[in-house]
Structure formats: C-alpha cells, structure tokens
2 protein chains.
Amino acid sequence: MIKKRRFGSFSAAAVVLLLAVSARLASSADEGMWTFDNPPLKQLKEKYGFVPTQEWLDHLRLSSVRFMDGGSGSFISPKGLILTNHHVAMGQLQKMSTAEHDYVATGFYARTPKEEIPCPDLEINVLVSMEDVTSRVKAAVKEGMSDADALKARRSEIAAIEKESLDKTGLRSNVVELYHGGEYWLYRYKKYTEVRLVMAPERQAAYFGGDYDNFTYPRYDLDMAFFRAYENGKPVQTKNYLRWNPAGLGEGDLVFVSGNPGSTDRLYTHARLEFQRDLYYPLRLKFIDRYLQALRQYAARGKEEQRRALGRIFGLENSKKALTGEYQGLLDERLMAKRKAAEDEFRALVAANSSWHAATGDAWESIAQALEKNRRDYRQRFFRRLVSSYTGIAGTIVRLVAEVKKPDAERLPGFHESELAELKFNLLSPAPIHKDMEEALLAASLRWALDELGPDDPFLKIALAGEAPETVARKIVQETRLDDVKFRKALIDGGEKAVQKSTDPAIELMRRLDPMMRESEKWVRENIDSVLSSASEKIAQARFAVYGKDISPDATFTLRLSYGKAIGYPMNGTIAPYKTTLYGLFDRALSFGNTGDFALPQRFWDRRDRLDLSTPVNFVSTCDIIGGNSGSPVVNTKGELVGLIFDGNIESLVGRFVYDEEKNRAVSVHCAYMLEALLKLYDAEALAAEIMSPESDK
Amino acid sequence: MIKKRRFGSFSAAAVVLLLAVSARLASSADEGMWTFDNPPLKQLKEKYGFVPTQEWLDHLRLSSVRFMDGGSGSFISPKGLILTNHHVAMGQLQKMSTAEHDYVATGFYARTPKEEIPCPDLEINVLVSMEDVTSRVKAAVKEGMSDADALKARRSEIAAIEKESLDKTGLRSNVVELYHGGEYWLYRYKKYTEVRLVMAPERQAAYFGGDYDNFTYPRYDLDMAFFRAYENGKPVQTKNYLRWNPAGLGEGDLVFVSGNPGSTDRLYTHARLEFQRDLYYPLRLKFIDRYLQALRQYAARGKEEQRRALGRIFGLENSKKALTGEYQGLLDERLMAKRKAAEDEFRALVAANSSWHAATGDAWESIAQALEKNRRDYRQRFFRRLVSSYTGIAGTIVRLVAEVKKPDAERLPGFHESELAELKFNLLSPAPIHKDMEEALLAASLRWALDELGPDDPFLKIALAGEAPETVARKIVQETRLDDVKFRKALIDGGEKAVQKSTDPAIELMRRLDPMMRESEKWVRENIDSVLSSASEKIAQARFAVYGKDISPDATFTLRLSYGKAIGYPMNGTIAPYKTTLYGLFDRALSFGNTGDFALPQRFWDRRDRLDLSTPVNFVSTCDIIGGNSGSPVVNTKGELVGLIFDGNIESLVGRFVYDEEKNRAVSVHCAYMLEALLKLYDAEALAAEIMSPESDK
C-alpha cells in the first residue's frame, strides 16, 4: 500500500522539519514527480513522441483530488463521484462503523443517493491555481539576517501570502516550498468537507493478501472505494471528471498518474541520508514495533476491540513494511555510494565556477554540522511522545488559544490564520474515540517513554509526577471530557482563560508540558531547521544554475504528474508480467487454502462462474510514485481513466532515495476489474451506469 | 530445473577431479542428502516422531532409479513403468525426433505397448546393494608412500574391487568415495539399457515459463515423462514400485525424496571455495556464454536448426542460471564468512587434541598450497577444450585402444574393466549427429580457444597446425566417418593398430593431441589431485572424530534420502504458498498474453472447462536436493508417491555451499496434476489406469 504515512499520534516532541537539500541524481528514464507548472514535455516528446496540450493537463489537474487524510483520487462523473482506494477510505469507513455495522468487514453500497453515508471528518481538495511567489518569499529575508531570523521572516511572509489569498478568494491557500527552498508557490484549492460514501467492497477483497502481499506484486486487489462530494446538501456539479475506459490498457502503453506523493528524499545531501540511516529510521521502527505490540495486546481482548484497532494496525504495519524497505536502501552501501558520487560531482561543478561557489559557500558543511548537533539528545526528543487522541486534542487546544492572540506573522507553524479552518475541522471531528483503546495506548506510550528516557527525564517528571504510567493514563482517560465535541468547542471559544482554568486532566497535562516542549522546539528551530533552511536554499539555487529544472522537486504531498509505461520487470529470478488476471486471484486464495489474509469473500466463490476469469485485475507501470499517491487515477494519452494506483512493488521502496526504472513499479487496479466486480459481484448497476454513461441523466 | 549438469562437451583438458575437503557446517533442520546405509533416523524421530523401518527404506531404494544421462526416477508399476521429468527425458526425446516427428514439440503417448519407442542410448540403474570397502581401499596405501603413489594405489584397488564384483555378480559395480575420502562403498546396480518411451507431454506444458521461470517458484510445470524398462524385449517385472497417491499431500506434511544429487561443495575447505570463486566459476560462465552464442547463431538459420539446437540450448541456459546463482553465493561475503568461521572452529577443535592434531597435520595448508599451484595455467588448461561429438568420440577411442592393453590397475580413470560396458554403450550410441551443428560448434570452440590462448599455445599449434579454425572444423566434420556406428566399432575392435593407421581426420587430430593432454593430466594428477586426495582423507577422519557421522556426505550422483516438510517461505517481500493450482497456470499464461515461453498448448484452452482448476499443480518442500535429483519421487510416510521433484527455487542455488531451511525449497509436480492431465488433457486412460490400479491385469 502506498497511502501517505503519518505518525498517527500527537508528537509531543518537535517534529524536526528538516528542510532537505539537494544532490542531483542523473535524471533518467521515466523518473519524476512533476509539478503541473513544469510538466516533462521534453522527455515525453523525446521518449514517447507525445506532447500533452495545456487543456489536457488542466483537465487532468482539475479532475484530480487530494484526500487530506493522506491520499489521492479523481472525479469520475459530473455529479461529484470520486474514485479512490479502499485503504484511503479506510479511516472514514472505520469512523462510520460500529459494533453493529462494520462496513470495513462487510463493504457498503448505496443503491440510491439517500443511502450514501456522510463522512465524519473528510476534507478533499482540488488544485485550482498555482502562482510563483518565490521572489516575494525570498525578499522577506534581508541582508545580514541570522539563519534563525531568516527562517522567521520566510515563515511570516508565507503566512501573510496565505492569509491575503484566503481573504481574497475564500479558497484554501497554501504556499508550497519546492526543491527545498529553490521555489515557493501559492497553491489554491477548492475544498470539499461534505463528502459521502457511495461504495466500498469488503476489506478482504480490497486488501486481499494483507500485510504479506502489501508492497509486492503480482497482486490481486480490489482496492477501490467511491465517494461523492456535496455542497449544501447537493451533489457537486463537476465539469472536470475522467472518463472511464473499460478496456483499460495494453502492454507497453504510455500512461500518466496525477496524484499527491507525500515525500521523497532524493535531493537530500549525503549527510542527511546518514542521519536518517543512523537515527531516524532505527528509532522510528522501534517506536512502531512498540506501538504495534500495544495495539495487538488490546485487539486480543475481543472481537469488538479487534475491529476498533484494525485501522491503526493496518497503518502501522504498512509503515513498518515501507520503512523497513527504505531503511534497507540506506544500509545498502552501493546505493549510498551512488548518492555520494552524485553529490561529489555536483559539488565539484559548483566549486569550479567562482560565482556559483561564492553564492553557495559552505552550505553542505553547514548542513553536516547542524545534523551533527541534532544527533545530540535526538533520541530523547524522539521519545517525548504520547499516543493518545485526548492528549493530541488537548495539546492542540492549549497551543491554539495562546497562538491566536499573537499577530499572524509570529505564530507557530500550523496556527496561522490560513490554517485555522483545517485545524478546527479536525479538532471538532465527531469521529468516535474508544476510551479503552485510548487508555491502553496512552499507558503503553508513557511506559515505553519511561523505559527509554528514565524517570528523571524532564518530560516524564511532568507527565508522570511520580505516578505509574497506568495510573496517569487511567485518570486522564476516565476523567477527561474531550470526547464531547461541544466541550472542545467551548474551550476553544473560551480562549486562553477557559483553558487556564480548566480542570480537565488531559488539558492540565498538556498545559504543564507545553512550556518545555515549546522550549525544545524553539531550540530545534533556531539551531537545526534554520541552518538547514538557509543552506538548502543555497544548494537549490546552485542546482538550478548547474542542472536547470530538468529534475522534479522532492515530493511535498501536492499535486504531481508522473508518466511511464505498463511493463513487467525482472523479479526474484524470473519476470513479473505487466498485469494479473482473475485466474490468479483464485489461485492465490486456494494455494493458501482460502484462509486468513488469503480468504476471499464468499460472494467470490458463489459468483465465480459468472466472472470472466481472464479479466485483468492489477497492473504495473514505471510511473514514479510514492506514499500519498494511493488512489491516484492512471490515465492514457486521451486522458481516459485506465487504472487506479494503490501500491508500489517491494523494489520501489528505495525509490524514496533513488528511482530505478528497471525494477521500480507502481501497482494499479485495472479498470476492467473494477467494472466486472461492480456488475457481477456487487450488483452495483446504478454506480456502474453512472461511471460508464456519466452524461445520461438517470 | 535441477537436472544434473554436465559439461556436455569433450573436455580436451584434464577435468581436474578435485577431491574435496571438509569444513563442517552446523547440521541443522531438514538438511542432508543421506546415504541409505546411514539414514537420519535420529533427526526424523526427534523432529517428526517418525522412524522409517528397514523394509520401508529398502522398498524406497529399490523403487528408485538413476538415469545415467543425469537424473533420477522411480518405478510406479509392476510392469517396469518409470516416472521421471520431461527435462530428464529431453535428451532421449530429442534423439528420437526428426524434422518430421518432433516429440519434444508435440509430446507423445503410446496407447499400446507396441507404440512405445525404444530409447537410443538410455541406461537406467537400480541400487541393489551397498558394501563398506573403506578398510580395503585404505589398506592399499602403504606407510611412507608419496601422495602420487597413494592416489595410484587407491585407484588401482578401487578398480580391482569393481572388477571382482562385476565378475562375481554381473552387476554394475562402482566404488563410491564418500565424505571426500572418509569412506569408500561398493555400490552394485541392476542396470537397464532397454528402455522405451511411454508418454511425454509437449515441452510447452512441461517447461511452461521457460528459462524465465526455471529455478523459481511459484511454478506451474507438467515436468513429467514416462518410460518402461524392458529385458529381452519384455517389460521388466518390478517387485518394488511406488504406489500413486492421487490426493497428494497437505501443507506441513512430512515427505521424503529418494534420488541422485549430482554434487555439492558443503565440505570444501575455504581455500577450495576461493578457488572456485576466483577461477572456476568465472571461466565456466564465460565458456557457457560463448557456447550459447554459437548455438543461437546456428539455431537462427532455420526451423530445423532450431529444433536440433534446442536441447543443448536448454542445457546451457539451465547451467548458466544455476551457476550464476551459485557464483552469487561465493561472492556473498556473509556466506563466505560463515563458511570460514565453521572451518576455523573445526580446526581449533582438531588443534586442541594432540592425537587428532598428529593425524591431521597440515592438511588444510596442503590443500591451500596445491590450489595455489593449480591457479598457475588453470585458465590455459581450461580453454584447451573442443565442443564436438566427433572429437569426443575420437578422443575416447584413441585412449581406449591404448588403455585396454595395460593391466587394469594401471589404466586411466574411466577405462577400467568395470567401466568398459558403459563406455562402449555410449561410444556406440546410434543417436543422430547433425553435421552442420557439429561444424559450427567445433569451429566456434577452436575460435574462442584461439582468442583465449593465442596461436602459440601448444594445444592450438597441434589442433590448427597453422590453419583457420573454420578450415580445420570443416575438414574434420566433412571427412570423418564417425557418424557410422559400425566404423566406430571397427576401430575399437581393431585396437591400437587400426587407430594408428586410421586416416579419419577426427581420429588423426585426437591422436596428435593425446600425448600433450596425457602429460597435462598427469601433471594435475600428481601435483594437485593426489595432494588434495591425501589431505582430504585426513580432514574427513578428523571430522568423523570431532563430529561423528551426523552430517551427510557431499553429493556424488549416487542414491540419497532427503526429508522435509511441504511449506511455503518468505519471498520477495511476501510469502510463497506451499502449492500452486491450475488457476495460476492460466493466470500466468494470460498475464503474458499466452505468448512465447508462457503460451500454453492449444489443448489446455480447448479443454479448460473440463479441468478442475483447483487441482494442485506444483508444491515446495524443505527437502535438501540439488541438480541430479530431477525426476526423484517424493513420498509420504506410507511410502506412497505424492510428487515428482523437478526443480529448486532461486534461493536454493546457494545450497551448493550452504543449506538454509528458511528459504531453500525443492519444487515438485503434484500427483494430482499429473493424473488430471493424463485423463483430461492427454486421453491417456490406459496409462492412468496402470498407475492407479497397478495390480489389475488389463
């Protein structure tokens, strides 16, 4: 699965926003996650003899959507119908489900619009415009400013630009940093927060093969889900939507992916990769293991507990597998040597030109030194982290009421005027919180912080105040009133005064922790982030000077265009085909005795003889994608939908650092399978009709 | 494919019979290719709670057969019916085929005994007795003998034992060296040379997936063929044969493999592995590449040429893939370090015991020094090698007539009395020789010898005598009369005199080359082989002293028993199931567009609806096997046939050096698939009836 990964927990520690730096990798082959302002027209023309028109590009962009909880999708009918992955929909499905109605397990289909189920807290975005604001952001930094002041100045300017745009247009407005400071763009989004579920198959069909088959290929997953965007209680009229091509595609066909890749580290300096290898990955994997252990213990209590924990277990297993693959890449000496060689070449070219050299200075050295500093106490800062919805909500409220009192320019990231709508949408989500699970996880996270940091760590001295983790967690979870959305709203509306007075134990805890966490974050901002930010910007300028804009920026969870061909690849001693068929789905189920993660829903067996078993199920392409691209449409040169991205193969995991066209593959659901399933397995005639004849008014 | 690999060409260079030496590897898990005199009873009891009786073991041994052209098989009816792999039968199928009747392409089924086709030169063996002759062989070596004299003495004694046994019993008698000189056993075989083909499917079904899928899994091959052994024109009455279990086996079941693994290098010293890594593998792979290139050029001439070259191309591609996998193992520093550590531990234990130390002396050092010497000119000796049936036959005849005049004890290996029957059987084979292919290959092999050695190499000075490779090849191939079996027989019968007088250009060439090749081989025997032989024997004794007989000897293309369970394994990011099904066969065909190596014979499509697609096709087990095991029966604890070994997975290739139970898997055809195919695809009711009701007399 390639859903964008998020930590999924409130980070009490500063999340070190390492602004990454550049090392040029020979941009070859089908590599690249291109911004729509700089599509790879030259590469497409040279390699495929195809040049998309501006109209083609605009149509694809405006048909594409971003799921703010970490995925991508597309409009596929003029009535706001949206296609994405089941695993992107998973969070909403879980929030809609109860012990009585488990839509994750049973699937769901709304035969009529009335049956569609509202999502509790889903925000969907369409990128409607892009504006280059690089010079304005850069002009905010004055000659002679310290790195820390420069960072502040840039962030203030960005907040101002976003606020102005929001006020002027009413659109979600975000300034996106591309090429690690090489460019800044103002992206404006049409935003939908009224979204309803139309159809989702059983998870067993969507996620057939489970964690075993995740990030691998050949594959046989029906990883699809359908939503509909509404405005004021009515389906949105979408002028731009993708037409469904039921025949799909042929081997070798040129295809495009339009989606929101989360992040890549291809332009990181070598020092940064070493930091990731030595500290970040080992700690993150350790943290995930502990988190998973706690969740599995909780899930073992019973069937309902298992249902409640399922979504998070999935997310963590997914992260674990992806991170493990990435980590292997960093441990691979050949990969690291390749990156080092590319960086050395780039640095030599810069050094050989006196004006480039003067502008770039000792940027690489600055980064290496800042990271050296960051190694100190990094582990401690990393483990000052609580896993709990309550402390997450409480921590955000405590900060929010303090930050909103400041001028916009001086606020912490995340609390600027332009960001408040999203923040409040999340804070006031009516999604269920399960007290028993919260207690188990909060206790566990305090316990492992204690194991890692010892009782004398200032964070734990405050958090535990001498008590046992289990006691603290019990009190907070039992006594907090934050389950109640109205209570949260009252605190926010009451402002700093209400929060200061509050005796809610979650609020109290986060109030006590806030000063030390602010201090710690400030240290990181002023000593690490700011140095990286200035140095990265210099390196980005040098890269433009040396190499131009022939490479795409690292992924930023904003809209990108990838291209490639549908072809197989060498795999484990043989070759993997470009597509799989329904025969293979039944083979894999039976070869594992139709049990566990390889058990097919009963309807597949009951209706097997109705199915055309030669129907293509999944296919691979060389399109360059990563987590966050889940749910992205795959289109052909006519702009028709031929597939639905849902994963990368195991060989693609090192793609975070290096793209390898020989083996890196994006995995998609084939349009033919989705249609075959809707018609022959799910009796979803109305939905199929809307997809196939979108203009007919039924 | 795991057919035993042979060089497939006359080696003008001495094939250095390196008697390998021991380094103990922790014998764990399901490892081991056990001799039937020392079955792993303790391991089976401890791990599986199953102890086979002597009767069970005898029955399995006597039901097992060895194919002298490099494979294994088993009797499966009382009327001499034999089951083996299609790729083991391939050589005979090719020799039986003509441009008009290509049984490799079309398959074959004899509806009645009359239709069965006699094999031109197939010898099949059944191991009827085993006798420990270690003390007699060792007694032949007298105190104070040089290594060279000791080697001669051992070989003379072995020849004498074999001759005595042959004279006394009339049975094929071979003394087998086990544990690299630790033990010598006299194996007596019942031999069958009158064998007929009963049934073989099309190669496209047997070898579905071709070289791509070779040595990989999941797999979908019908790699079976049926022969019948005759004596005096009548089917052999076989008391011992395996009963067919149509249900096959379940996941986790304990199974056994009885077959003839060709060779392993698990007890080699570390110095020996380094020699293999540095010299043998790179040269062998280079040689194979050139050979393949020449064959493909020849095959490109036309359809009939393609048919003629097919068998050799298959053999070479198979070798290339296997050797490449093995070579990767030697290049893997962790694997080499593991082997080194095991050897160091063993040597330390020997050194710590004064009597062991005295007996073993500097054996490891002797081996290292001999190999150091062997590195000199090894490349030159390696490339003094011609690829031609004519020079192969001529070279053997030239030697034969000289050797038979000597007392048996003084002859070169391969020419002892006990070996002459097999030698003549092969020399007088009526199998077709294709002049055009012979010429192309002989010219090519002279050409690449010239490239490698230069025109002044003594071998080439004799072979070319100043002419171009193509001219020499043309003359020999056009003028030789060795196609004629009677001509060969006349030369052999005419003895040294006839051969000396012969003006046949192939005989003339080999007569001229023989003295220098004898000299070269003698040097290797006296300077390398003899040292390795004495030192290896000492190490073998030390190993018995330190570790007992809890590990099995390296493979020697003699009958061995392996055991294990039918379970999947971690593969390329996911898990491979223990079995595959017919659904998967159709999936893989369609996912590659039913073309090339992935095209199924038309009958599969025509009769698809008759097939039960859930039928198991292939399965894997942890049984420890290697090339030569192809065609081995897989039996359950009742001794019933449940499968047919045909390959190892890609992860098993390093099994030549180290067995890894986690990933090393033997791949078998499932009995259910063979039966389903015979009945529903090949209309082979009579054959199926004989298999399923072997006692009924139809």
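FYI, side chains are in, hydrogens and waters are out, and symmetry mates aren't considered; it's all heavy atoms of this structure. The sequence lines fix the lettering, A, B, ..., with proteins before strands; numbering per chain opens at 1.
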| field | Which of I575(B), D213(B), T580(B), L590(B) touches chain A most, by non-hydrogen pairs under 4.5 Å | value | I575(B)
| note | Honestly, the part of E651(A) sitting under 4.5 Å from a heavy atom of chain B is side chain
| request: May I ask you to name which of G584(B), A576(B), G325(B), P218(B) has the most heavy-atom pairs under 4.5 Å with chain A? | output: G584(B)
| When the ring planes of Y327(B) and Y281(B) are compared, do they come out parallel, tilted or perpendicular, using 30° and 60° as the limits? | parallel
| said: Is the distance from the ring center of Y220(B) to that of F586(B) below 6.0 Å? | reply: no
| Would you find more than 12 non-hydrogen atoms of other residues, nucleotides or ligands less than 6.0 Å from E333(A) atom CD? | no
| said: Only pairs of heavy atoms separated by less than 4.5 Å count here; which of D211(B), N572(B), I650(B) has the most with chain A? | reply: N572(B)
| message | Does any backbone or side-chain atom of F619(A) lie under 4.5 Å from a heavy atom of chain B? Answer side chain, backbone, both or neither. | response | neither
| said: In this structure, is the centre-to-centre distance between the rings of Y207(B) and F314(B) below 6.0 Å? | reply: yes
| task | Please report the shortest heavy-atom distance between N636(A) and N245(A), naming the atom on each side. | result | ND2-ND2, 3.6 Å
| field | Interface residue of largest heavy-atom contact number with chain A, from G568(B), G573(B), P577(B), under 4.5 Å | value | P577(B)
| query | So how far is it from M571(B) CE to Y212(A) OH, rounded to the nearest 0.5 Å? | reply | 14.0 Å
| request: Can you tell which part of T216(A) gets under 4.5 Å to a heavy atom of chain B, answering side chain, backbone, both or neither? | output: side chain
| remark: Counting heavy-atom pairs under 4.5 Å with chain B, the top scorer among D587(A), L582(A), T324(A) is D587(A)
